[in-house]
Peer 1: 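Quick one: the structure is below, and I'll ask about it shortly.
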There are 2 protein chains.
Amino acid sequence: MTATTLHRPTHRDALYLLEEAFGDGRMVTMFGRCTVEYDGRASSSLGPGERLVVCKPDGTILVHTDEKRKPVNWQPPGCTHRASVRDGRLRVRSERSTPQEHLDVAFERIEQVSAYEVTDRSDLQLRGSEEDLRQRILDDPALVEAGFVPQATERETTAGPVDIFGADADGKPVVVELKRRRVGPSAASQLQRYVEALDEEFPDEGVRGILVAPSVTDRTQELLAENGLSFVAAEPIAAEADGEGNPGGVDDEGTARD
Amino acid sequence: MTATTLHRPTHRDALYLLEEAFGDGRMVTMFGRCTVEYDGRASSSLGPGERLVVCKPDGTILVHTDEKRKPVNWQPPGCTHRASVRDGRLRVRSERSTPQEHLDVAFERIEQVSAYEVTDRSDLQLRGSEEDLRQRILDDPALVEAGFVPQATERETTAGPVDIFGADADGKPVVVELKRRRVGPSAASQLQRYVEALDEEFPDEGVRGILVAPSVTDRTQELLAENGLSFVAAEPIAAEADGEGNPGGVDDEGTARD
DNA sequence: GAATTAATATCGCGT
DNA sequence: ACGCGATGTTAATTC
């Protein structure tokens, strides 16, 4: 059986399912009225309300309200889940050390509990990352500027590893900092740190810094100019010729719209 | 009814529930074997596997596998959900403009669908944030150094707003940058940008920069020293006298352990 | 373990 | 809408 569900169970019956599911490495969802307490890297309290709680077999716990992408409370993978009943509440505690932190969920009413057997071997294939941008540049260094010759990636400096290190048409050292999307001031600062570090390695050679990204904000442009840095516009994936038509296809049996 | 669940429904029956739930602003969970395609800020493909899909009434969609805290795919609030059946698959599409992006989930088998009415008015109370650290410093400026006098918070500069601006015992301008936890090089760069900006506002007054955080990394300490910046150790909340005993209490009716 | 950086980061606040 | 910075960021990678 890949899904087991209890509707409005007693706390005791819910507890039995949780014991079983935690032991079998099944994923669990709970829905009901609860409070949540967290203590660890910070601490927090959440008063009563109806929420969806998800427990994963890797030790993750998520508490979701009806809004937002982020859980209102959570615990990362590697935690230990325990369930119990005390003072008329169904309780779930998730705990870990390093850092010492724990999350407590207490249900005063449990509307539904489900346990799922999950099998998922597929890996996500992602396109358009900074890694893709780097590959584009290495395949066609002229995207940075004519005559640019990449010599190393992730080259170490005292300010940390730089994305691409190379030389321009005149043989001057060049640092290239890559960003997959429009950038703010922090990217300019980061590039400036790299240039300063390499200036000490190559005194009097006039190390150049080039930021490669789709675009930059106005203040960032100023920052770059102040520090004698350059900006080159480039996307992590080539922009498509616009002709996608209707990628999702047409529904033929019915639709539900939110 | 606050929770409605269909176990191994036909795609058509699942579709009817989705139509109803999306229309009523209910939260939906789905579990089954599916594939996922995303295109927008980046693009991705995910092959077949069993996953938990959560749709929120605010337009959020989350696709969770049995591992990790982050959803393997998602769409942020503000999207529009649509469900349909086509080519023998139950499909859910989540879409938005600005930026133009969409997520498609296609179930070949749907194990369970649930719809929940959610009511949650409680707000999260969080302690230990940077805001708490700021309040601590303002309550007791000597935590920064003897004689320090705060004059403004979020004071504007050409490099952006600084956390605390004030004067030291000698009347020299001081910029304080706050971080709630151990910091890396970017915090030092940020502080340096603020000092440079204020140096132009207060020429020849010798603007000082102080980083206040629990601790700094070695390379960051060097960066601070190179730029003539200071570091002061402080936590966002006072460390507790260790005496918490057994905060979770003792279980008296049973436990389930993961 | 600590350190460093990317991310479809998300989120909130300001203009 | 864009810009900017905090986050209990999470996660991957390297040392």
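Letters go in sequence order (proteins before strands), and every chain restarts at 1.
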Peer 1: Can you tell me how far C1' in C/dA6 sits from the matching atom in C/dT10, rounded to whole Å?
Peer 2: 14 Å

Peer 1: What contact category does B/P77 fall into here, base, sugar-phosphate, or nothing, at under 4.0 angstrom with non-hydrogen atoms?
Peer 2: sugar-phosphate

Peer 1: Distances under 3.5 Å only, N/O to N/O: pair up the protein atoms with those of nucleotides 12-15 of chain D.
Peer 2:
none

Peer 1: Apply side-chain hydrogen bond (donor to acceptor under 3.5 Å, both in side chains) to B/S122 and list each qualifying residue two or more places apart in sequence or on a separate chain.
Peer 2: none

Peer 1: Mind checking the P distance from D/dG5 to C/dT8? Whole angstroms is fine.
Peer 2: 22 Å

Peer 1: Identify, with sequence neighbours excluded, every residue that meets side-chain hydrogen bond (donor to acceptor under 3.5 Å, both in side chains) alongside B/S43.
Peer 2: A/R127

Peer 1: Tabulated below should be each protein N or O lying under 3.5 Å from an N or O of nucleotides 4-8 of chain D; please produce it.
Peer 2:
unit_1 : atom_1 : unit_2 : atom_2 : d
D/dC4  : OP2    : A/T217 : OG1    : 2.6
D/dA6  : OP1    : B/E177 : OE2    : 3.4
D/dA6  : OP1    : B/K179 : NZ     : 2.9
D/dA6  : OP2    : B/K179 : NZ     : 3.0
D/dT7  : OP1    : B/E130 : N      : 2.7
D/dG8  : O6     : A/N73  : ND2    : 2.6
D/dG8  : O6     : A/W74  : N      : 3.1
D/dG8  : O6     : A/W74  : O      : 3.4
D/dG8  : N1     : A/W74  : O      : 2.5
D/dG8  : N2     : A/R41  : NH2    : 2.8
D/dG8  : N2     : A/W74  : O      : 3.3
D/dG8  : N2     : A/Q75  : OE1    : 2.6
D/dG8  : N2     : A/E101 : OE1    : 3.4
D/dG8  : N3     : A/Y38  : OH     : 3.3
D/dG8  : N3     : A/R41  : NH2    : 2.8

Peer 1: What I want to check is whether the side chains of B/R182 and B/S215 have a donor and an acceptor closer together than 3.5 Å.
Peer 2: yes

Peer 1: Answer with base, sugar-phosphate or nothing: what part of the nucleic acid does B/P71 contact at a heavy-atom distance below 4.0 Å?
Peer 2: nothing

Peer 1: Would you please name every residue forming a ring pair (Phe, Tyr, Trp, His ring centres under 6.0 Å) with A/Y116, sequence neighbours left out?
Peer 2: B/F31

Peer 1: As a test of your reading of the structure, name each stem of DNA chain D as range with range, where a stem is three or more consecutive Watson-Crick or G-U pairs at under 3.5 Å.
Peer 2: C:1-7 with D:9-15, C:9-15 with D:1-7

Peer 1: Looking only at atom C1', what distance separates D/dT7 and C/dA7, rounded to whole Å?
Peer 2: 14 Å

Peer 1: Are the side chains of A/Q100 and A/S97 in contact, using a 4.5 Å heavy-atom criterion?
Peer 2: yes

Peer 1: Sequence neighbours left out, what pairs pass ring pair (Phe, Tyr, Trp, His ring centres under 6.0 Å) with at least one residue falling in residues 49-70 of chain B?
Peer 2: none

Peer 1: Return each pair, listed once, that meets ring pair (Phe, Tyr, Trp, His ring centres under 6.0 Å) where at least one residue sits in residues 207-229 of chain B; pairs must be two or more places apart or across chains.
Peer 2: none

Peer 1: Does a donor on one side chain sit under 3.5 Å from an acceptor on the other, for B/T217 and B/T220?
Peer 2: yes

Peer 1: Do B/T119 and A/E50 get their side chains close enough for a donor-acceptor pair, meaning under 3.5 Å?
Peer 2: yes

Peer 1: Going by heavy atoms in the side chains, are B/Q190 and B/E177 under 4.5 Å from each other?
Peer 2: yes

Peer 1: Taking the same atom, P, in D/dA11 and in C/dC11, what whole-Å distance lies between them?
Peer 2: 15 Å

Peer 1: Residues in ring pair (Phe, Tyr, Trp, His ring centres under 6.0 Å) with A/Y38, at least two apart?
Peer 2: none

Peer 1: Going by the rule salt bridge (Lys or Arg N to Asp or Glu O under 4.0 Å), which residues pair with B/E130 if we only count those two or more places apart in sequence or in a different chain?
Peer 2: none

Peer 1: Could you work out, with ring pair (Phe, Tyr, Trp, His ring centres under 6.0 Å) as the rule, every residue matching A/F165, not counting sequence neighbours?
Peer 2: A/F202

Peer 1: Considering only heavy atoms of chain B and a distance under 4.0 Å, specify the first and last nucleotide of DNA chain C in 5' to 3' order that meet this criterion.
Peer 2: C/dA3 to C/dC11

